[in-house]
Amino acid sequence: MFPKTFYDIIAIEYSEGRKSLKQKIVIVDGNSLINRAYFAMSELKNSKGVYTGGAYGLIKMIMSLTEQFNPSHFCVAFDMKGPTKRHEAYAEYKGTRKGMPEELAMQMPIAKDLLDALKISRIEFQGYEADDLIGTLSKRALDEGFEVNVVTGDKDALQLVAIGARVHITKKGISELKLYTDDTVMEELGVHADQVIDFKGLSGDSSDNIPGIPGVGPKTAAKLLTQFKTVENLVSSFESVENKRIRGLVETYKEQALLSKKLATIMLEVPLDFTMDAFVIETPDSDVVVDRFRYYELSNLLQKYIASEDQHTEVKEIEYDLKPVSEIVETIKKNKAFDMKLYQDKTGDALVCASFCVNNKVFLAQDPNAINEMAPVFKDKNIAISGYDLKRDLLYLFKHDIDVDHCHFDGYIAAYLLDPSRRNYDLSEVYYEYTTQNLPSEEAVFGKGAKKKNFEDVDGKTIHVYAASEIFAIHKLNETFQSKLKASDLMDLFEGVEMPLVKILAEMEYTGFKVDMDQVNHIDGQLNEKLTEIEKAVYDLAGETFNINSPKQLGVILFEKLGLPPVKKTKTGYSTSHDVLEKLASKHPIISEIMDYRIYAKLKSTYIDGLKAVMDLENSRVHTSLNQTVTMTGRLSSTEPNLQNIPIRLPYGRKIRRFFVADEGCTLLDADYSQIELRILAHLSGDKVLIEAFRNELDIHAITASQVFGIDQSEVTGLQRSRAKEVNFGIIYGMGDYGLSESLGISRKEAKTYIENYFKSYPSVEGFMHGIIEKCKEKGYVETILKRRRAVPDIDAKNFMLRSSAERIARNTPIQGSAADVIKLAMIRVANALQEKGLKSKLILQVHDELILNVPNNELEDVKQLLKENMESAIDLKVPLKVDMSIGASWYDAK
DNA sequence: GAGCTCACGC
DNA sequence: GACGTACGTGAGCTCG
């Protein structure tokens with residue numbers, strides 16, 4: 001590590017792939033190089049008879065220039081057809097030039113097409129030659145502090161050495177370059193760089209048909225210029241020329257000499273409207289590049305491109321500048337946008353590094369205090385914060401009392417919306433996927449396994465390269481995602497739902513849920529007693545001790561030692577699942593003991609021990625992670641601990657909810673959407689019966705029962721209603737007759753009749769289910785009400801199992817995903833409403849169709865109303881949304 | 001450490 | 001005729 005006291009912020013001017021302290025531009029004379037390339041390889045033709053030698057040579061040159069110079073900016077200048085300003089001055093200008101050969105002319109569009117594919121900027125401008133554009137661009141770049149490299153085959157460009165450009169002239173074809181400095185110009189021409197135009201004014205140039213002074217060649221010109229410095233001086237004091245013959249020539253041709261100088265002078269002030277940003281090197285879409293190279297049959301270039309992609313990925317070294325924090329704050333304020341990534345230590349309490357990308361420039365801060373000084377930019381509503389997994393960053397900032405106004409763009413979320421089926425969204429993997437470039441691998445930097453280093457233990461340079469690469473990758477990736485989201489019609493969902501949610505989730509996690517440790521310990525004691533008791537009973541009945549938790553050992557006891565009939569098998573042996581045990585319950589008293597054991601063991605291990613392990617013991621709270629990029633349908637997930645699967649069904653398990661309590665002086669307010677998925681089904685299918693049922697607040701399961709069983713609603717029994725409820729669930733999940741028969745314990749035939757009756761009663765639902773499969777086959781994905789997408793690649797699979805599974809996904813995802821859309825909208829509305837009203841109440845948990853708030857007692861009435869209103873009006877559907885609410889001191893009581 | 005089974009929620 | 005309810009997290013065991 002570098003000693004902190006030396007600096008606050010490391011500023012790195014970082015160009016893609018590698019470092020460079022200074023911005024660097026390469027400017028190429030496209031016409032000059034393609035000409036040379038064409039004459040070097042004029043015979044190259046592809047299978048369609050198209051000549052490609054010129055384009056090939058130019059592009060090859062450009063690819064090797066990017067490797068060789070590793071510039072941040074690049075530009076290729078071209079001449080345009082038609083007369084130029086020089087022709088206005090001198091009609092015979094370039095009069096001896098033959099036109100471009102047809103075989104080369106036809107390659108110009110190819111070369112330009114390839115440059116576009118490679119995302120190399122090019123310029124051309126009516127009335128001006130490539131030279132003038134190069135001159136103008138060079139001057140501007142130099143004024144802005146760039147290192148300028150001009151590459152051409154034309155020695156006219158040597159005059160640009162005088163303004164400070166590095167001019168590289170091709171040697172022998174185009175394979176070698178020679179860099180000219182003032183000294184080398186002197187060696188070769190015998191004049192200084194700033195005399196090159198004077199030199200040409202005297203000696204002329206036959207290729208451009210610049211006359212100069214007839215009879216004055218390079219040697220004489222150099223000699224004269226050594227004495228007189230410029231053409232103007234020579235003309236005004238030609239009497240001083242010693243040689244009589246030359247004196248006469250100068251006198252006769254002085255006007256022509258002045259004109260020639262003018263013609264040879266490259267313009268530095270072409271009226272072009274541009275900023276240097278236009279020439280920043282962008283990462284090309286490699287699919288497009290590969291496609292173009294294939295199309296023109298340039299297999300050499302294709303291979304070179306693929307090879308270069310594989311290497312120029314790692315940042316080898318960076319140079320850095322030490323800057324005060326105030327500078328980055330100023331830069332951000334000026335730029336109004338920045339990318340950020342915070343590197344936290346294991347505990348999340350301290351920052352080990354922070355990286356920023358502002359206007360293509362990378363800053364690294366190692367001193368945690370730098371962040372505190374930056375607080376004003378975080379809470380400025382006019383500054384756009386972007387990053388990758390911003391929720392993590394926000395959590396750090398919240399912990400350190402730094403407020404954040406809003407998050408603008410999170411690549412982590414964008415990657416999720418673009419493909420919610422991915423297993424993980426690690427930056428390096430996503431970056432590779434979208435750019436085919438590798439970041440310095442985590443493994444290379446930190447090692448792996450037990451020897452894995454902490455961030456702060458990696459040596460300074462390596463870690464700087466790592467951090468700089470990551471933030472730069474984030475910046476690049478987010479640019480790519482902008483257009484990808486638009487192209488997939490996901491921008492509204494991204495901006496309107498997912499991005500606002502990032503901050504809300506961070507706040508919920510930060511707030512956490514208060515836990516009553518006395519309750520936890522109380523239940524823990526009870527469970528320990530029960531488990532010891534049951535264990536003893538099981539061992540007595542089995543006649544030996546064994547591990548009840550091991551399905552394998554349990555299988556041996558039940559099916560071999562006790563001789564019970566094995567109902568079902570798994571890949572690894574006997575199944576001892578709940579269903580199986582249920583079927584055996586009457587056959588042996590050990591079964592019910594084992595079933596009880598399982599109930600209590602689950603509660604103990606998952607909900608007591610598991611909870612204790614992740615508790616913040618200092619203030620008795622749990623801070624779950626609400627993950628936004630996990631589920632394939634758009635739901636949130638909850639981890640460490642999972643608060644979305646706290647027991648509720650069994651009375652004893654339900655007591656776990658007593659652990660989760662309101663803060664002092666507060667009450668928990670729990671609101672859940674009633675039948676949200678069925679309501680969404682009613683909306684999506686447009687089914688009249690369903691819609692009417694919900695509009696009239698009828699008992700939907702009772703209605704389904706009366707339809708399915710063909711009886712009057714008043715005659716529906718409790719059993720029939722609960723069966724109908726199962727049918728309704730089954731429909732949402734895309735269940736078949738077998739599944740329904742299993743879950744209801746009825747015959748398959750009976751189940752089939754139920755489903756048939758269901759679809760007869762709700763014909764639009766059947767139509768919807770059928771339609772969604774068709775649409776999925778056509779588009780390859782399904783979507784929710786807010787246009788959230790999920791790809792379903794197996795919808796056309798030959799394999800029955802794969803295909804049926806895909807069909808179930810296609811039927812379920814629009815329903816489950818739309819419900820997720822709705823509650824996300826509701827969360828945003830609720831959070832905004834609470835903030836606008838300045839209320840202290842806080843959202844603390846979401847469980848798919850349920851929101852839990854911690855409400856100060858004096859706000860209870862207001863917040864109840866606010867919550868219900870905002871949830872019920874979150875979205876406009878063909879059916880009303882209904883919210884049920886309850887309150888309590890603990891989650892158990894709030895039911 | 002990966003993969004399996006089991007159990008909890010919606 | 002197949003195969004056999006969506007979406008998750010976590011614990012514990014077993015194997016390598």
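Atom set for the values below is all heavy atoms of this structure, side chains included, hydrogens, waters and symmetry mates excluded. Quantities reported herein were computed from a predicted structural model and do not represent experimental measurements. All chains are named by letter (A, B, ...) in the order of the sequence lines, taking the proteins before the strands, and each is independently numbered beginning at 1.
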The side chain of [X] lies closest to which of these nucleotides: [options]?
X      : options               : answer
A/N642 : C/dT9, C/dT5, C/dC13  : C/dT9
A/S637 : C/dT14, C/dT9, B/dC8  : C/dT9
A/T631 : C/dG8, C/dG12, C/dT5  : C/dG8
A/H578 : C/dA6, C/dT14, B/dA7  : B/dA7
A/Y733 : C/dG10, C/dT14, C/dT5 : C/dT5
A/N645 : B/dC10, C/dG8, C/dC13 : C/dG8
A/I648 : B/dC10, C/dC15, C/dC7 : B/dC10
A/R748 : C/dG4, C/dA6, C/dT14  : C/dG4

Which pairs would a plain distance check flag for residues 724-731 of chain A, meaning a side-chain donor or acceptor within less than 3.5 Å of a matching protein atom at least two apart in sequence or in another chain?
from, atom 1, to, atom 2, distance (Å)
A/N728, OD1, A/T704, OG1, 3.4
A/N728, ND2, A/H701, ND1, 2.9
A/N728, ND2, A/T704, OG1, 3.2

Using a cut-off of strictly less than 4.0 Å, decide whether [X] has a side-chain nitrogen or oxygen near OP1 or OP2 of [N].
X      : N      : answer
A/N547 : C/dC13 : yes
A/S741 : C/dG4  : no
A/K552 : C/dC15 : yes
A/R790 : C/dC7  : yes

Legend entry - Straight-line distance of A/F709 CZ to A/R723 CZ, nearest 0.5 Å: 6.5 Å
Legend entry - Contact list for residues 763-790 of chain A, test ring pair (Phe, Tyr, Trp, His ring centres under 6.0 Å), sequence neighbours left out: none
Legend entry - Bracket notation of DNA chain C in which parentheses pair within the strand, [ ] cross earlier pairs, and | pairs with another strand (Watson-Crick or G-U, under 3.5 Å): ......|||||||||.
Could you tell me how far apart [X] ([atom1]) and [N] ([atom2]) are, to the nearest whole angstrom?
X      : N      : atom1 : atom2 : answer
A/Y754 : C/dT5  : OH    : C1'   : 17 Å
A/R657 : B/dC8  : CZ    : C1'   : 10 Å
A/K568 : C/dG4  : NZ    : P     : 10 Å
A/I815 : B/dC10 : CD1   : P     : 18 Å
A/Q816 : C/dG8  : CD    : P     : 7 Å

When we call it a touch if two heavy atoms are under 4.0 Å apart, what does [X] touch: a base, just sugar-phosphate, or nothing?
X      : value
A/T576 : sugar-phosphate
A/E677 : nothing
A/S575 : sugar-phosphate
A/Q553 : sugar-phosphate

Taking salt bridge (Lys or Arg N to Asp or Glu O under 4.0 Å) as the test, write out the residues that go with [X], two or more places apart.
X      : result
A/E677 : A/R635
A/R721 : A/D699
A/D737 : A/R748
A/K787 : none

Between [M] and [N] - [atom1] atom distance, rounded Å:
N     : M     : atom1 : result
C/dT5 : B/dC6 : P     : 16 Å
C/dA6 : B/dG3 : C1'   : 23 Å
B/dT5 : C/dG4 : P     : 13 Å

Legend entry - Contacts of A/Y412 that satisfy ring-ring contact (aromatic ring centres under 6.0 Å, His included) - sequence neighbours left out: A/Y388
Legend entry - Close approaches to DNA chain B from residues 601-614 of chain A, in residue order (heavy atom, under 4.0 Å):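 When residues 601-614 of chain A is checked for heavy atoms under 4.0 Å from DNA chain B, the hits, listed by number, are A/K602, A/Y607.
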Inset, instruction - Residues of residues 791-811 of chain A with any non-hydrogen atom less than 4.0 angstrom from an atom of DNA chain C: list those, numerically ordered, please. - result: A/F800, A/M801, A/R808, A/I809
Is the shortest heavy-atom distance from the side chain of [X] to the side chain of [Y] under 4.5 Å?
X      : Y      : answer
A/L668 : A/L853 : no
A/Y416 : A/T631 : yes
A/L611 : A/F660 : yes

Legend entry - hbond_proxy A/R598 side chain to B/dC6 base (donor-acceptor, 3.5 Å cutoff): no
Donor-acceptor pairs under 3.5 angstrom involving side-chain atoms of residues 552-565 of chain A: please list them, not counting sequence neighbours.
from, atom 1, to, atom 2, distance (Å)
A/Q553, OE1, A/N547, N, 2.9
A/E560, OE2, A/Y574, OH, 3.0
A/K561, NZ, A/A542, O, 3.1
A/K561, NZ, A/E544, OE2, 3.0

Inset, instruction - Can you sort out the partners of A/S605 under side-chain contact (heavy atoms from CB on, under 4.5 Å), two or more places apart, ordered by chain and number? - result: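 Per chain and number, A/S605 pairs via side-chain contact (heavy atoms from CB on, under 4.5 Å) with no residue.
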Inset, instruction - May I ask you to decide whether A/R803 forms a salt bridge with A/D794, counting only side-chain N to carboxylate O separations under 4.0 Å? - result: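 No, A/R803 and A/D794 are not salt-bridged.
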